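Remarks on the structure that follows.
What you see is a predicted model; the values in this text were computed from it and never measured. Order of the sequence lines fixes the chain letters, A, B, ..., with proteins taken first and strands second; residue numbering starts at 1 for each chain.
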There are 4 protein chains.
Amino acid sequence: MTDVARSPTRREALGIESRQRILAAATALMAERGYAGTSIAAVKKKSGLPSGSIYWHFENKEALLLSVIEQAAARWIEALPDTESLTGLPEERIQTFLNAAAQALEERPEFIRLILLISLERRDVDSTSLVPIRRARTLVRERLTTLFGGLLSSPDPKSKDSVARRFADFALMVADGAFIAHHLDRETTDLRAAFDLMRTALTVFLDENAAAASDV
Amino acid sequence: MTDVARSPTRREALGIESRQRILAAATALMAERGYAGTSIAAVKKKSGLPSGSIYWHFENKEALLLSVIEQAAARWIEALPDTESLTGLPEERIQTFLNAAAQALEERPEFIRLILLISLERRDVDSTSLVPIRRARTLVRERLTTLFGGLLSSPDPKSKDSVARRFADFALMVADGAFIAHHLDRETTDLRAAFDLMRTALTVFLDENAAAASDV
Amino acid sequence: MTDVARSPTRREALGIESRQRILAAATALMAERGYAGTSIAAVKKKSGLPSGSIYWHFENKEALLLSVIEQAAARWIEALPDTESLTGLPEERIQTFLNAAAQALEERPEFIRLILLISLERRDVDSTSLVPIRRARTLVRERLTTLFGGLLSSPDPKSKDSVARRFADFALMVADGAFIAHHLDRETTDLRAAFDLMRTALTVFLDENAAAASDV
Amino acid sequence: MTDVARSPTRREALGIESRQRILAAATALMAERGYAGTSIAAVKKKSGLPSGSIYWHFENKEALLLSVIEQAAARWIEALPDTESLTGLPEERIQTFLNAAAQALEERPEFIRLILLISLERRDVDSTSLVPIRRARTLVRERLTTLFGGLLSSPDPKSKDSVARRFADFALMVADGAFIAHHLDRETTDLRAAFDLMRTALTVFLDENAAAASDV
DNA sequence: TATGAATGAGCATTCATTCAT
DNA sequence: CATGAATGAATGCTCATTCAT
């Protein structure tokens, strides 16, 4: 008896849609005003579903937040290009990856906004909501580490990985910082220029690394 | 003996101290839990002063937030070294400045935390609280621009300023991003390493700029 | 069996009863102490229902006041006899009507008390609550005008209506004034005597009118 | 040793003026919004004097109300003509008196408004504030009784007084009712017409009384 | 005589949550 | 699966009043 994925009944499908509507409303509100600033009444109003339904689908407000973050984190990861799909010269691969990241930042700022806001707001209150956030960030860092590792030319795999990791951390920092700058000083900030500068920096690091490696 | 600027009476001095106690409590709480997450009851409990007194010193919660931010922004600026006090070679100056910035980040993280949290949380609610934040950031950016301008060697002052400004933006981004990384992935993040990487990047940019300038 | 106007479920019936309990408590309190003098806590205590329930049934205190007034106005009108039901000689009809009015005043003074108090207290604050009051008074004035119109004997319908209207205004004034006298100087005031005097006055007016009409 | 009314010192005069300013502000506010609807903060704002000063001049809010009412009642009585000053035929005397009353109603509605509002609002809370109100009304009723008594021609002084008293009560009722009508249905109410009607009624009563007296 | 600062009880209202249907 | 009614704790804020100066 195989576990055949039976298609949901009409009733179930309706339930799934309701859940999704609540999740979408909560995501938008929490990304805008934070967790404490988002009332169940506001979610009810925005989703169009009665508050009772919200508590049918989610145990409580905390659980709703967790689902919101999990979904947002999953989508954030989906938006980033897979490192394996990148080809060409090192500089080209970096360029492609950073372009994709900058584009994701510009087009779907709500996810990063949500992640940053919640992680700042909830750190000392309840850290369970930070788990999926950390998991997602770790995944992104690993992807970046893999990318840089593939571009470095050190003979020592251990030091290579360490250098790649440092580059990855640096890239993530610039991305976060760029988002905040874009968010806070939108008029005076040129997001693309910042990513260009980062690309230059990373390319230079790579070149230095290549030179150091050939010295050996 | 003219009656200029009479010193405050005992009662007035007490009032000033009360105000300061409320402000300190509110700053700590809002930096930790955000604006919406900080209740007046919590401020009352933490400051030890009755809620009526809070409303005697501040018109409402919004006004309290504004005062909190203004004080935090002022202290944040005070903590940063003045560019004029920096001496030595370009690399040394950058190093000194970044060291001071990293130290401020490590020792007094609450101010940046507050600034980032509030600017994310309140953006779409009420932007008046963002005014002192933007003012402080602009001041820091200008200080950085001056620093880099003094180290660049372009003959064209206009392009020099433009380059210095881009470097300043970049540095601020890395600083913000570093704070977030430090905050979110404390175990896996090496703040000093990130600032070292930024220093390297900036030094390389400067060298490239020097080379480009001598080409002319 | 069509599904028209289904009877309320047990829960719904309970809700209606709750609403009615709140309304009754608020009516009694507001008629006694006015709008500003009636706290939600007092309504909660008197009705026995939690404050949250009050806000479930009424949007806010203002809306509760409006409902209170609407209900009171409706009952006030119900208490007054319909002019069409009056028979007999003019003097008898007037007597019957005034008796009913005096009785209503004595038995259910709360409604007039509420109407007078609120209309004095809220005039310059928010006049929406005066709308149902004005509507009710207009209806009473029209009923009185009809009554007097039926008793007058002027050949000119226009002047007849104008005279009837003046009599109606006058009767309403004496009724209001009688209530206040009854309220303020209860010991020294004889409500029935006042209504008797009014009846005499109105009868005399009618006679004068008849004489004037026959002169033509 | 006569009780020479020494003129107040400058300091005292200032105090009297402050007291008067507070009283004026409180009168206006309480006549508009009632006692419960008038906060000390509002009196402070309207009078321009600090709340501490209000409590220096008046023991508490209740005492302030009492002073407000006493002053208002005194002025209300002052505004009415003395019955002894009235001369001429009975009808003329009534006309003069009612004209003065109607004028007072139109020109200084705040006093009646205050008296009616407070007496409705405070009846069941604290009746001490009703004492000066009752005293003032009694005085007015007596003045009216004297006026009518002088116009009546009954040989029996006891019955004469009783009739005069009934007329006085009736006149007061119409006056109060006229004020309310003027207040509530200003557009549709003709205050002068109502007073004219009352005058007619009173004159008729007097004539009837004269006829009845001569019958004896 | 006057007053600005303070106080805690009380205010109207919203909150997250429960539950009978 | 869904929902409208209910609940009482907690919210931001105003209140009448006190008191050192």
Checklist line | Arg123(D) side chain to Glu32(C) backbone, donor-acceptor under 3.5 Å | finding: no

Item checked: Set of residues satisfying side chain to side chain contact (heavy atoms under 4.5 Å, CB included) with respect to Gln71(A), sequence neighbours excluded -> Gln20(A), Leu23(A), Thr27(A), Arg75(A)

Check: Would one find a side-chain N or O of Ser18(B) under 4.0 angstrom from OP1 or OP2 of dA6(E)?
Finding: yes

Notebook entry, point to check: Taking OP1 and OP2 of dA6(F), is either one under 4.0 Å from a side-chain nitrogen or oxygen of Trp56(C)?
Noted result: yes

Could you list all N or O pairs between the protein and nucleotides 8-11 of chain E that sit under 3.5 Å apart?
none

Next item on the list: Establish, with yes or no, whether the OP1 or OP2 oxygen of dT1(E) is under 4.0 angstrom from a side-chain nitrogen or oxygen of His57(D).
Entry: no

Pair up each side-chain donor or acceptor in residues 35-46 of chain D with any protein partner under 3.5 Å, not counting sequence neighbours, and list the distances.
residue	atom	partner	partner atom	Å
Tyr35(D)	OH	Glu62(D)	N	3.3
Tyr35(D)	OH	Glu62(D)	OE1	3.4
Thr38(D)	OG1	Leu29(D)	O	3.3
Thr38(D)	OG1	Gly34(D)	O	2.7
Ser39(D)	OG	Ala42(D)	N	3.0

Notebook entry, point to check: Do Glu70(A) and Leu66(A) come within less than 4.5 Å of each other through their side chains, counting heavy atoms only?
Noted result: yes

Item checked: Criterion side-chain contact (heavy atoms from CB on, under 4.5 Å) on Leu117(A) and Leu114(A), from CA distance to verdict -> CA-CA 5 Å; Leu117(A) 182 40; Leu114(A) 175 77; 5.9 Å; no

Next item on the list: Give the stems involving DNA chain F, where a stem is 3 or more consecutive Watson-Crick or G-U wobble pairs (i with j, i+1 with j-1, and so on) under 3.5 Å.
Entry: E:2-21 with F:2-21

Checklist line | side-chain hydrogen bond (donor to acceptor under 3.5 Å, both in side chains) involving Arg19(D) - partner list, sequence neighbours excluded | finding: none

Note to self: Tell me every residue that passes side chain to side chain contact (heavy atoms under 4.5 Å, CB included) with Ala63(C), counting only those two or more places apart in sequence or in another chain.
What the structure shows: Glu59(C), Asn60(C)

